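Structure first, then comments.
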Amino acid sequence: MDDQHESQQPAARGSKVLDALTRAERKVFTRPAPKSAKAQMKFLLTRAKGSTKALAERLGVSRRTVQRYRAGQLKKPQKRLQAALVEETATQWQPQVRAQARERAATSGGMQVEVYAYFGFEASGSSDDGRERYISTAISPVYAAEILRLREAGATEEELHPVVAEAITESYFTDSGSRCRGLRADFTHVRSINFEF
């Protein structure tokens with residue numbers, strides 16, 4: 001029966017849970033990140049403590065290219081460099097704001113999750129055929145802390161799925177243990193997922 005469900009479902013792609021956590025962090029920025037290549041380069045050089053060599057290695061360009069953008073001699077980067085500048089800037093922008101949002105989620109606020117995925121179920125004494133569902137629910141601070149801890153420890157997508165599934169089960173399906181005791185839900189084939197701190 002499981003083979004039949006697996007063959008009917010599209011294959012999962014990418015690291016959707018990790019990407020969703022990254023997007024959630026970026027939504028809490030209090031100021032917009034630098035937009036121009038010169039401003040991005042200046043910001044990234046500040047974060048690299050002025051080391052053009054270290055920044056050039058991270059961006060995959062020469063030291064001279066970094067110096068030219070910083071001086072304003074070059075203004076429009078090629079697509080690969082533009083993507084690297086945007087990603088590096090967003091990754092390093094407002095670290096304290098992101099840390100405060102993670103701390104709030106892990107201690108008091110929890111997280112909101114919206115997911116469209118294939119959910120399968122197991123319960124003591126019975127089982128239910130899985131199906132695709134759209135679920136929006138609040139995740140408790142305990143699970144938010146565990147998800148964020150695993151992410152910081154370098155967990156893979158596959159390692160995060162069971163924890164996120166358990167968090168959704170606890171919040172959405174069992175209503176914090178007040179119904180459907182013993183239910184276990186797994187989710188696969190994530191089509192979309194979003195978190196909000």
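Remember, predicted model here, so these are calculated numbers, not experimental data.
If you take CZ on Arg23 and CZ on Phe195, they are separated by 9.5 Å, rounding to the nearest 0.5 Å. To the nearest 0.5 Å, the span separating CE on Met41 from OG1 on Thr65 amounts to 8.0 Å. Taking OG of Ser136 as the reference point, atom CD of Glu196 lies at 9.0 Å (rounded to 0.5 Å). With values rounded to the nearest 0.5 angstrom, Glu157 atom CD is found 7.5 Å from Asp19 atom CG. Between atom CD1 of residue Ile135 and atom CD of residue Glu114 there is a gap of 11.5 Å, rounded to the nearest 0.5 Å. Here the straight-line distance linking atom CD of Gln92 with atom CG of Leu44 works out to 6.0 Å at 0.5 Å rounding.
In this structure, Gln100 contributes its side chain and Val97 its backbone to no donor-acceptor pair below 3.5 Å. Between the side chain of Lys16 and the backbone N or O of Arg191 there is at least one donor-acceptor pair closer than 3.5 Å. Using modelled atom types, one side-chain atom of Ser51 and one backbone atom of Ala54 make a donor-acceptor pair closer than 3.5 Å. Under the 3.5 Å distance criterion, the side-chain polar atoms of Glu132 are left unmatched by any main-chain donor or acceptor of Tyr116.
A pairwise comparison of heavy atoms in Ala144 and Gly110 identifies CB-CA, 4.1 Å as the closest pair. Residues Ile193 and Ala20 approach most closely at O-CB, 3.4 Å, considering heavy atoms. Residues Val66 and Leu55 share a closest heavy-atom pair of CG1-CD2, 3.9 Å. The shortest heavy-atom contact between Val28 and Phe197 is CG1-CD1, 4.2 Å.
Sorted by first and then second residue, the pairs that involve residues 143-152 and meet salt bridge (charged side-chain N to carboxylate O under 4.0 Å, His left out), not counting sequence neighbours, are Glu25-Arg151, Glu146-Arg149. Counting only residues at least two apart or in different chains, side chain to side chain donor-acceptor pair (under 3.5 Å) contacts with residues 32-42 are absent. The ring pair (Phe, Tyr, Trp, His ring centres under 6.0 Å) contacts involving residues 33-88 comprise Phe43-Trp93, where partners must be two or more places apart or lie in separate chains.
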Query raised in the report: Going through the distances and angles, do Leu45 and Arg70 end up as a side-chain contact (heavy atoms from CB on, under 4.5 Å)?
Result: CA-CA 9 Å; Leu45 271 168; Arg70 180 183 60 189; 3.3 Å; yes
**Report entry** From CA spacing to verdict: side-chain contact (heavy atoms from CB on, under 4.5 Å), Ile168, Tyr143
**Finding:** CA-CA 9 Å; Ile168 292 170; Tyr143 282 108; over 6 Å; no
Query raised in the report: Run the side-chain contact (heavy atoms from CB on, under 4.5 Å) check on Glu170 and Glu166 step by step: do they pass?
Result: CA-CA 6 Å; Glu170 188 261 346; Glu166 189 177 325; 5.6 Å; no
Determine all donor-acceptor pairs shorter than 3.5 Å in which one atom belongs to a side chain in residues 77-87; sequence neighbours excluded.
unit_1, atom_1, unit_2, atom_2, d
Arg80, NH1, Leu59, O, 3.3
Arg80, NH2, Gly60, O, 3.2
Glu87, OE1, Arg26, NH1, 3.4
Glu87, OE2, Arg26, NH2, 2.8
Glu87, OE2, Thr91, OG1, 3.3

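Listed by chain and number, the hydrophobic cluster partners of Val142 come to none, as no ILVMFWY side chain reaches under 4.5 Å of it.
For the salt bridge (charged side-chain N to carboxylate O under 4.0 Å, His left out) test, residues two or more places apart in sequence or in another chain that qualify with Arg58 are Glu88.
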